[in-house]
Chemist: 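Before I ask anything, let me first share the structure, which is written out below as structure tokens.
Values below: all heavy atoms of this structure, side chains included; hydrogens, waters and symmetry mates excluded. Numbering of residues begins at 1 and proceeds along the displayed sequence.
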Amino acid sequence: MRTPLDSPFSPGSDTVPEVWAGRAAQLSDWRDVLRPRRLAGIHERGRTILGEAGSGKSSLVRRIARDAADAGDWVTPQLRIPSGTDPIKRVAAALLDLASAAGLAAAREQRISELLRRVETVAVSGVSLSMRAQEGPEPYTVLTDLLIEIGRAAIQRRDVMVLIHIDEVQNITDEGARSQLLTALGDALAHDEAIDIPGGVQVARGLPVAVYLTGLPEFADMAGARTGATFARRFRTITLDAIDDAALMAALQPFVTEGWPSAAGDGIDRVFMEPAAQRAIVERSCGEPFLFQLAGERAWYAGTDNLITAAQVETGWRDAAPEAEAHVQRILDRLPARERQFLEAMAGLEPEERSLTNIARAMGYAKVTDAGPTAQRLDLVRRIIRRARPYGFRHRAIEAYLTSDWPW
């Protein structure tokens, strides 16, 4: 009745799973705030979606981009930036594709033809070579100019947005390239376009352009170190938390009440789930989108009939546990030694005893204030802990790993 080919769970990186859980606030932000405001010509900042590996940041923006494309918007693919590469080249190539969708390639104006030729040079040669290739504006300037032209074309189409998604932004380690890219995108977002309204009056409006940047939490430090307030004014940073259990339960509820449609032979059948299996998947996921998809996938694979049982969840999780452990260990291994030490000291205390004073003492600090900056960073930047009274873990998989025998 069910095979791996039919599984609606997808723990792979950057995929948009069929069984979607949580992130309602971010989806609503696009649907109810960002898109309508930019379409109306009202300035609205770009969005920087950050989070630890497995938090679902790329999948979230890919879903937003998919919904935008379905609505007829002009959307770039996910522009993943590998380490050591020139991000300007990647974005320039994507803007040329958008320009084609906007019909700019067929324009007869010499100004636009020259602009497209200049951007093509950047797309091929990158920042340094294109600057030496000929006299003229710097690469970030021509990227801004082309994005403005694409935005103007979108205004003429009415109800069309331009959406740009740049992923793995923490890999842009070259300060010059990062500054040029953020400046180009930010200048386009801040651009005022003069339009005529009835009565012969000209008014200024923003372009229907939205920019999403996704990456690891340290990008906030990288972008803010040099650009500071300018970056903050042009991009709103959102760091993703774990998904609450109620949202995960809701995502699985269709299995329990009506069954999930699944191809079966020549027809369509439905796969159901025991309430106990629903709870078991949620408990093992600890609010992590990746672990939720992983647990669901392995439970699906653990049987072939049309009912997913708690026993099948247990069987599947035994196979998934090494991958779940490696997932959390990778996050911990990325942390600086002091942050890792803080988490281990915090985990070693009883939940009601997790105050900054006790954590600092467990770390061997003479003064409580020595642990303050680390606590602040783990809360505000990484969203791993919550500085309440007492302190608590936001990242529940890390808590489970450090304080119990999870995932085993």
Chemist: Taking side-chain hydrogen bond (donor to acceptor under 3.5 Å, both in side chains) as the definition, give me every residue that meets it alongside D187, ordered by chain and number, with sequence neighbours left out.
Modeler: R234
Chemist: For L163 and A65, which heavy atoms make the closest approach, and how far apart are they?
Modeler: CD2-CB, 4.2 Å
Chemist: H165 side chain to P77 main-chain N or O, any donor-acceptor pair under 3.5 Å?
Modeler: no
Chemist: Do any N or O atoms from the side chain of W20 and from the backbone of G22 form a donor-acceptor pair under 3.5 angstrom?
Modeler: yes
Chemist: To check you understand the geometry: which heavy-atom pair defines the closest contact between A101 and R157, and what is its length?
Modeler: O-NH2, 3.8 Å
Chemist: At what distance, to the nearest 0.5 angstrom, does CZ of R338 lie from OG1 of T374?
Modeler: 5.0 Å
Chemist: Under a 3.5 Å distance rule, please check whether S59 uses its side chain to pair with a backbone N or O of G56 as donor and acceptor.
Modeler: no
Chemist: Is the shortest side-chain heavy-atom distance between I81 and V169 below 4.5 Å?
Modeler: no
Chemist: Restricting to side-chain hydrogen bond (donor to acceptor under 3.5 Å, both in side chains), what partner residues turn up for E288, sequence neighbours left out?
Modeler: H327, H395
Chemist: F272 and G259: which non-hydrogen atoms are nearest, and at how many Å?
Modeler: CE2-N, 3.4 Å
Chemist: Would you say that K57 contacts D167 through its side chain, given a criterion of any heavy-atom pair below 4.5 Å between the two side chains?
Modeler: no
Chemist: List the atom of I172, the atom of A177, and the distance in Å for their closest heavy-atom pair.
Modeler: CG2-C, 4.4 Å
Chemist: Are any of the side-chain heavy atoms of P87 and I166 separated by less than 4.5 Å?
Modeler: no
Chemist: Report yes or no: does S179 contribute a side-chain atom to a donor-acceptor pair with the main-chain N or O of E175 at less than 3.5 Å?
Modeler: no
Chemist: Does R382 pair with E218 as a salt bridge, N-O distance under 4.0 Å?
Modeler: yes
Chemist: Can you tell me how far CE of M346 sits from OG of S355, rounded to the nearest 0.5 angstrom?
Modeler: 10.5 Å
Chemist: Pick one: which of D244, D245, D241 meets side chain to side chain donor-acceptor pair (under 3.5 Å) with R396?
Modeler: D245
Chemist: Please determine, by modelled atom types, if Q170 and E168 share a side-chain donor-acceptor pair under 3.5 angstrom.
Modeler: yes
Chemist: Does the R47 side chain pair with the main chain of R45, one donor and one acceptor, at a distance under 3.5 Å?
Modeler: yes
Chemist: First locate atom OG1 of T315, then atom CD of Q312, and finally report the distance between them rounded to the nearest 0.5 Å.
Modeler: 7.5 Å
Chemist: Do the side chains of L60 and T214 get nearer than 4.5 Å, heavy atoms only?
Modeler: no
Chemist: Would you call E149 and R152 a salt bridge, taking side-chain N to carboxylate O under 4.0 Å as the test?
Modeler: yes
Chemist: Do side-chain atoms of T257 reach the backbone of Q253 as a donor and acceptor pair under 3.5 angstrom?
Modeler: yes
Chemist: Taking all atoms of both residues into account, what is the closest heavy-atom pair of V209 and G151, and its distance?
Modeler: CG2-CA, 4.2 Å
Chemist: Is the closest side-chain heavy-atom distance between Y401 and L332 below 4.5 Å?
Modeler: yes
Chemist: If we ignore angles and hydrogens, is there a donor and acceptor under 3.5 Å between the side chains of T3 and D6?
Modeler: yes
Chemist: Give a yes or no answer on whether the side chain of Q293 reaches the backbone of V19 with a donor-acceptor pair at less than 3.5 Å.
Modeler: yes
Chemist: Roughly how far apart are Y365 OH and F342 CZ, rounded to 0.5 Å?
Modeler: 9.0 Å
Chemist: Check step by step if side chain to side chain contact (heavy atoms under 4.5 Å, CB included) holds for L146 and L96.
Modeler: CA-CA 8 Å; L146 180 55; L96 288 171; 4.2 Å; yes
Chemist: Once side-chain hydrogen bond (donor to acceptor under 3.5 Å, both in side chains) is applied, do any residues pair with N171, and if so which ones, sequence neighbours excluded?
Modeler: S83
Chemist: Charged N to carboxylate O below 4.0 Å: is that the case for R35 and D67?
Modeler: no
Chemist: What's the separation between atom OG in S7 and atom CH2 in W260, rounded to the nearest 0.5 Å?
Modeler: 10.0 Å
Chemist: Do side-chain atoms of R63 reach the backbone of V16 as a donor and acceptor pair under 3.5 angstrom?
Modeler: no
Chemist: Contact between Y212 and L34 at the side-chain level, heavy atoms closer than 4.5 Å - yes or no?
Modeler: yes
Chemist: Below 4.5 Å, heavy atoms only, C-beta onward: do L240 and Q26 meet side chain to side chain?
Modeler: yes
Chemist: Which atom names give the shortest non-hydrogen contact between A210 and W30, and what distance separates them?
Modeler: CB-CZ3, 3.9 Å
Chemist: Start with the C-alpha gap between E274 and L307, add the side-chain angles, then the distance that decides, and say whether side chain to side chain contact (heavy atoms under 4.5 Å, CB included) holds.
Modeler: CA-CA 7 Å; E274 291 179 344; L307 180 66; 4.1 Å; yes
Chemist: Between R2 and D269, does any side-chain N to carboxylate O distance fall below 4.0 Å?
Modeler: no
Chemist: Output yes when R38 and D73 qualify as a salt bridge under the 4.0 Å nitrogen-oxygen rule, no when they do not.
Modeler: no
Chemist: Side-chain contact test, heavy atoms from C-beta onward, threshold under 4.5 Å: evaluate it for R298 versus W317 and give yes or no.
Modeler: no
Chemist: Could you go through R354 and I385, starting from their C-alpha distance and side-chain angles, then the distance that decides it, and tell me whether this counts as side chain to side chain contact (heavy atoms under 4.5 Å, CB included)?
Modeler: CA-CA 11 Å; R354 291 172 182 165; I385 70 169; over 6 Å; no
Chemist: For D97 and T76, run side chain to side chain contact (heavy atoms under 4.5 Å, CB included): C-alpha distance rounded to whole Å, both residues' side-chain angles, the deciding distance at 0.1 Å, then the answer.
Modeler: CA-CA 8 Å; D97 290 339; T76 69; over 6 Å; no
Chemist: Kindly compute the distance separating CG (L252) from CZ (F9), expressed to the nearest 0.5 Å.
Modeler: 5.5 Å
Chemist: Can you check whether A280's main-chain N or O pairs, donor with acceptor, with R284's side chain at less than 3.5 Å?
Modeler: yes
